[in-house]
Asker: 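Could you have a look at this structure, given as C-alpha cells, before my questions?
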Amino acid sequence: MAGVSGCIKYSMFIFNFLFWLCGILILAIAIWIRVSKDDHEIISSGDSGTNSYVAVNILIAVGAIIMILGFLGCCGAMKESRCMLLLFFIGLLLILLLQVAAGILGAAFKSESDRILNETLYENVKLLSATDDNGKAFQKVLAEFQEEFKCCGLVSGAADWGNNFQQNYKSCECSKVPDSSCTSYDGKYVYKQPCISFIKDLVAKHIIIVIGIAFGLAVVEILGLVFSMVLYCQIGNK
Ligand SMILES: *[C@@H]1O[C@H](CO)[C@@H](O)[C@H](O)[C@H]1NC(C)=O
C-alpha cells in the first residue's frame, strides 16, 4: 500500500503549528487584557465593564479552542496518530457546522435584525436628552460620530439633543457658513442630516467584513478536514 504522503503530513504539521501559536497568542492577549481589566474595575466599576468582560471571555475560549485544535493537528500529523487526527477532524467539523448554522440563522433573521437595529436607534434618541451616566456615555460616542460623519442628532437632527443641545452643539457645528447641508437650529449653524443612515451604513459594512472572514475561515477549515481525513486514511492503509 502507498505510505503516508510527506507533503500532506508536513503541511498539516506546519499549518497547525502556526494555528497553535496563534491560539497561544490570542489566549495570552485575552488573559493579559483580563488581568489588567481587574485593576481598572476597582476604580471604574460600571455597566460598560460587563460587556467587555463577555468579549474577553469569548476571546479566551476562542484562543483555547484554536490552541487545542492546532496541537491535535500538529501532533497528530507528526506522530501519525489516528486518534488525534480523528479528534481534530471532529472538532473542526463541529466548528464548521456551527458556523454554517450561524450563517443560516443570520440570513433568515436579517430583516428582523434590521428592525431591531432601527428600533434600538430610535430608542436611543431618549439618551441624547438624558443627564444620567448612560446618557452621557452615549452622548460622547455620538458627538465623535457627528464630527466624523458631518451629521447631527440621531433620527430627526439637532432637535434630538433636547435640552442638552447647547452643551453639545460643538460637534454638530458647520465650519463653512453658507452651506446647503447645514441649517440653523437654536441660534447655531449645524448639520442638517441626522446620523441614523450613517450608523446603519457602518453596521452593514462591518457585517460584510464579518461574512468575508467567516467564508475565508470556512475554506481553511474545509482544507483542514480534507487533509486530516486523507492522512487518517493513509495511516490506516500503511
Ligand atoms: C424605524 O423605526 C421607527 C420607529 O419605530 C419607524 O417609524 C420607522 O419607519 C422605522 N424605519 C425603518 C427603515 O424600518
Side-chain angles (χ1 to χ4, degrees), residues 44-59 62 96-218:
S44 63
S45 59
D47 238 10
S48 59
T50 13
N51 275 338
S52 48
Y53 253 145
V54 173
V56 172
N57 285 340
I58 289 175
L59 212 57
V62 168
L96 188 64
L97 288 179
L98 276 179
Q99 223 171 296
V100 170
I104 291 172
L105 277 180
F109 288 104
K110 177 161 191 326
S111 57
E112 181 73 357
S113 48
D114 283 349
R115 192 183 60 78
I116 291 172
L117 175 65
N118 183 48
E119 272 176 12
T120 310
L121 289 174
Y122 271 77
E123 275 289 301
N124 282 353
V125 172
K126 279 188 236 138
L127 290 175
L128 288 185
S129 49
T131 49
D132 60 347
D133 282 349
N134 255 343
K136 288 231 172 68
F138 184 68
Q139 287 158 22
K140 204 162 157 245
V141 173
L142 189 71
E144 275 164 29
F145 198 89
Q146 289 180 150
E147 210 154 8
E148 170 92 23
F149 288 88
K150 306 206 178 317
C151 53
C152 188
L154 206 47
V155 297
S156 46
D160 291 339
W161 284 96
N163 290 333
N164 289 331
F165 177 73
Q166 287 299 338
Q167 297 134 49
N168 293 287
Y169 74 89
K170 272 259 173 322
S171 55
C172 280
E173 205 168 32
C174 283
S175 43
K176 280 190 296 178
V177 169
D179 192 326
S180 60
S181 61
C182 301
T183 182
S184 281
Y185 180 82
D186 209 0
K188 307 286 181 227
Y189 201 55
V190 295
Y191 302 120
K192 221 188 281 179
Q193 181 98 319
C195 293
I196 188 163
S197 54
F198 295 102
I199 296 177
K200 284 181 179 173
D201 280 355
L202 201 69
V203 171
K205 248 182 231 151
H206 280 93
I207 288 176
I208 301 245
I209 292 174
V210 170
I211 291 173
I213 291 174
F215 266 99
L217 220 55

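Both ligands and their constituent atoms are indexed starting at 1 by order of listing. Only heavy atoms go into these numbers, but all of them, side chains included; no hydrogens, no water, no symmetry mates.
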Asker: For a quick test of reading the model, state the closest non-hydrogen atom pair linking P194 to S156 and the distance between them.
Answerer: CB-N, 4.0 Å
Asker: Is the shortest distance from a Lys or Arg side-chain nitrogen in K110 or D114 to a carboxylate oxygen in the other one below 4.0 Å?
Answerer: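 The answer is yes: the pair qualifies as a salt bridge.
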Asker: Please, which pairs that meet ring-ring contact (aromatic ring centres under 6.0 Å, His included) have at least one residue in residues 150-169, sequence neighbours excluded?
Answerer: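 ring-ring contact (aromatic ring centres under 6.0 Å, His included) check on residues 150-169 returns F165-Y185.
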Asker: Output, or 'none' if empty, a list of ligand 1-protein atom pairs in which both atoms are N or O and the distance is under 3.5 Å, rounded to 0.1 Å.
Answerer:
{"residue": "ligand 1", "atom": "2 (O)", "partner": "N118", "partner atom": "ND2", "Å": "2.3"}
{"residue": "ligand 1", "atom": "11 (N)", "partner": "N118", "partner atom": "ND2", "Å": "2.9"}
{"residue": "ligand 1", "atom": "14 (O)", "partner": "N118", "partner atom": "ND2", "Å": "3.1"}

Asker: Between E119 and R115, does at least one N-O distance fall below 4.0 Å, as a salt bridge requires?
Answerer: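 Looking at E119 and R115, the cut-off is met.
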Asker: Can you give me the closest heavy-atom contact between F198 and Q193, atom names plus distance?
Answerer: CE1-CG, 3.4 Å
Asker: Taking N124 for the side chain and L127 for the main chain, is one N or O donor matched with an acceptor at less than 3.5 Å?
Answerer: no
